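Heads up, the thing below is written out as structure tokens.
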There are 2 protein chains.
Amino acid sequence: MQNYQNKVSKSEPKVTIDLSAVLVSLSDGIPKVLLIENEKGENVINHRLPFGPFNPNINRTMEESVRKWVLEQTGLRLAFVEQLYTFGDRFRGIINNDDPVIPVSVGYLALISRVTPENLLGSIWLDWYKLFPWEDWRNGQPKILDLIIKPNLMAWIQKTKGHNSRLERRYRVEVAFGFSDFGWDAERVLERYELLYETGLVAESLIDGKIPFPEEDSIYDSTGLPLYQDHRRILATALGRLRSKIRYRPVIFELMPKVFTLFELQKVVEALSGENLHKQNFRRLIETEGLVEQTEMVSEKTGGRPAKLYRFRREVIREKPSPGVRFSRKGSKILN
Amino acid sequence: MQNYQNKVSKSEPKVTIDLSAVLVSLSDGIPKVLLIENEKGENVINHRLPFGPFNPNINRTMEESVRKWVLEQTGLRLAFVEQLYTFGDRFRGIINNDDPVIPVSVGYLALISRVTPENLLGSIWLDWYKLFPWEDWRNGQPKILDLIIKPNLMAWIQKTKGHNSRLERRYRVEVAFGFSDFGWDAERVLERYELLYETGLVAESLIDGKIPFPEEDSIYDSTGLPLYQDHRRILATALGRLRSKIRYRPVIFELMPKVFTLFELQKVVEALSGENLHKQNFRRLIETEGLVEQTEMVSEKTGGRPAKLYRFRREVIREKPSPGVRFSRKGSKILN
DNA sequence: AATGTTATGCTAATAATGAGCATATCTTAA
DNA sequence: TTAAGATATGCTCATTATTAGCATAACATT
């Protein structure tokens, strides 16, 4: 049974597996991500995700290893952890030939119920939308879309010759950025980031040498903070996955305190999805889904009438095939 | 910027990345998976997925590499390919200590529009449900569930001491196998396989040394064909993913010919989901989702009234955020 | 007591879903 | 030639969800 293993392993190149973790939390309605400040250097890029190599001699599973790296680099013990994706074409073919080690990276998503002190190794909790300004529609369509992204994407479409090639680009852009019939689809975070990367609208494109020369320096000031290596791509994957997952698994409660008001819950969902929801319908949704149960307590923190406090109803997991916050996806409006 | 890379790479163990492919197709309403017959040996296990190591010096991306391995081992050129999951704890800690190479495997899913000749290297197309007999509910609840699986799982629950530990096992079993309120959830393929593995109900458990001694040999004859290494686990992941993906992306058409009748389409969906669907509602669903358009042709192959032939409406991708076959999940019945 | 603020209850219109009856159009056997 | 069998297809009705609001409740502050 070992035959295949041995046979195919002969001429192996050295491969390294990096494990990277996206830690998500919230404070004051701001969705946050844990970043670590790079050591000083001549780099433009100052931030990275917690990460480290997978060493199976030390940690039996990759998840164990992720937990270890995160603990070492941030002091945090993770609860909810989920594998995201494995990135095998890091730096898009711009591999440093001096370095015989070719890194593959496996991204993980972890949810943290509240932000922790920022300390070890210069870790900070950064507003997710500082990295993806075009993803936050809670105050209407982000200006950057019409000002910078849309015109540049349109130019990119025109730049190619050939009817089919142009059509293909147009379709990709339309679907990813919602210039099509159905409008903005919050979950397509990765598709959007990939397009911006490809069209040279994020700083990483330059650094990876994809784009020959900065056309307008100012663009990169407004298209979000660039990260080390492909970490922003991993983050985009994480945001997309989280946005879709809250709809069919009760993961949102990993981000909530033990008890909470329905409006607090709504604000968290809105912060993640980047969209505003209809308040009355949201509470009906949550209640009829059986996701929560009342406590006898009320919150004093609200301005007006005190809000009842709820807690997560764990039993819902055995009652429905895919319990989650199934709010509608009919585009973004400013409500209430 | 290279600092981190170098620093962490120092004491790397040798890691191998295997890429495995799950090729799915259909013939005569039977969902099939491509397997390769192992070379002769004293093994019990005779089949494996197409796989091979990722060598970044040869193929820039992992997907490229998967395509190459599949082409070499089966002669097939893949169209639709999607990454599934990365398995880092292969053989569950039973690592052969003579072999310093610890394999991590990245699974891929590919859809093939029709089964191909079975030839190169002894590749065969096998009925998916030969590997997962408990997953096919098209003719009612599979007998194996009540006969073998349920009693063994119940015994496994009782085997542990402590109220909490027992409750936890009970919950896992209930949710995975639908002994809970909502019944069978077709998408939880992996959860079910993992449970069977853990409880020693599939042959791989024995081979990996998880279970000390076969209690009843006959069990393993009925719990499906075991595969090389963790390939059956990869297959379970693939089936679960596919079952969920057809609901929100039009991937089902990757498995269809250019034109087809609505009933043919239904049969394919049923074959994958393992459930029977309501015929009239299915066609209403497909039509109102805008997934198909009529051709002027009709099929002669039907026994009675000739059926109109349809084709996939590609434009649907730009019209809806997540077009797919959103049939209901209200459990399985025998319909029509 | 009036005003502002947030929570919460409720409704009418519309859309989606679940289950099934009825009819249409073919082939094949009597 | 007709009856029987087999599908395909059209349509309905009851039920449940969803959307968009209006309206009221319960607090704090002025």
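So that the names make sense, note that chain A is the first sequence line, chain B the second, and so on, each numbered from 1. As the structure is a prediction and not an experimental result, all values here were calculated from the model. Values below: all heavy atoms of this structure, side chains included; hydrogens, waters and symmetry mates excluded.
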**OP:** Identify the two heavy atoms, one from B:Gln294 and one from B:Arg311, that lie closest to each other, and give their separation to 0.1 Å.
**Re:** O-NH1, 4.1 Å
**OP:** For C:dG18, take OP1 and OP2 only and decide whether either is under 4.0 Å from a side-chain N or O of B:Ser328.
**Re:** yes
Original post:
For A:Ala238 and A:Val22, which heavy atoms make the closest approach, and how far apart are they?
Top reply: CB-CG1, 3.7 Å
Atom pairs, N/O to N/O, protein against nucleotides 3-5 of chain C, distance under 3.5 Å?
none

**OP:** May I ask you to say whether B:Glu270 pairs ionically with B:Lys267, meaning some side-chain N is under 4.0 Å from a carboxylate O?
**Re:** yes
Subject >> Candidate list A:Val268, A:Thr295, A:Val292, test side-chain contact (heavy atoms from CB on, under 4.5 Å), partner A:Phe260, passing option >> reply: A:Val292
Subject >> Nucleotide C:dT17, atom P - distance to CZ of B:Phe327 in whole Å >> reply: 13 Å
Original post:
OP1 or OP2 of D:dG10 less than 4.0 angstrom from a side-chain nitrogen or oxygen of B:Lys279, does that happen here?
Top reply: no
Original post:
Hey, does the side-chain of B:Arg284 have a donor or acceptor N/O within less than 3.5 Å of a partner on the base of C:dG18?
Top reply: yes
Subject >> Single hit among B:Arg243, B:Arg247, B:Arg241 for salt bridge (charged side-chain N to carboxylate O under 4.0 Å, His left out) with B:Glu187 >> reply: B:Arg247
Original post:
Do B:Glu135 and B:Arg188 sit within salt-bridge range, that is, some charged N less than 4.0 Å from a carboxylate O?
Top reply: no
Original post:
Of all the nucleotides listed (C:dG18, C:dT8, D:dG10), which has the minimum atom distance to the side chain of A:Arg283?
Top reply: C:dT8
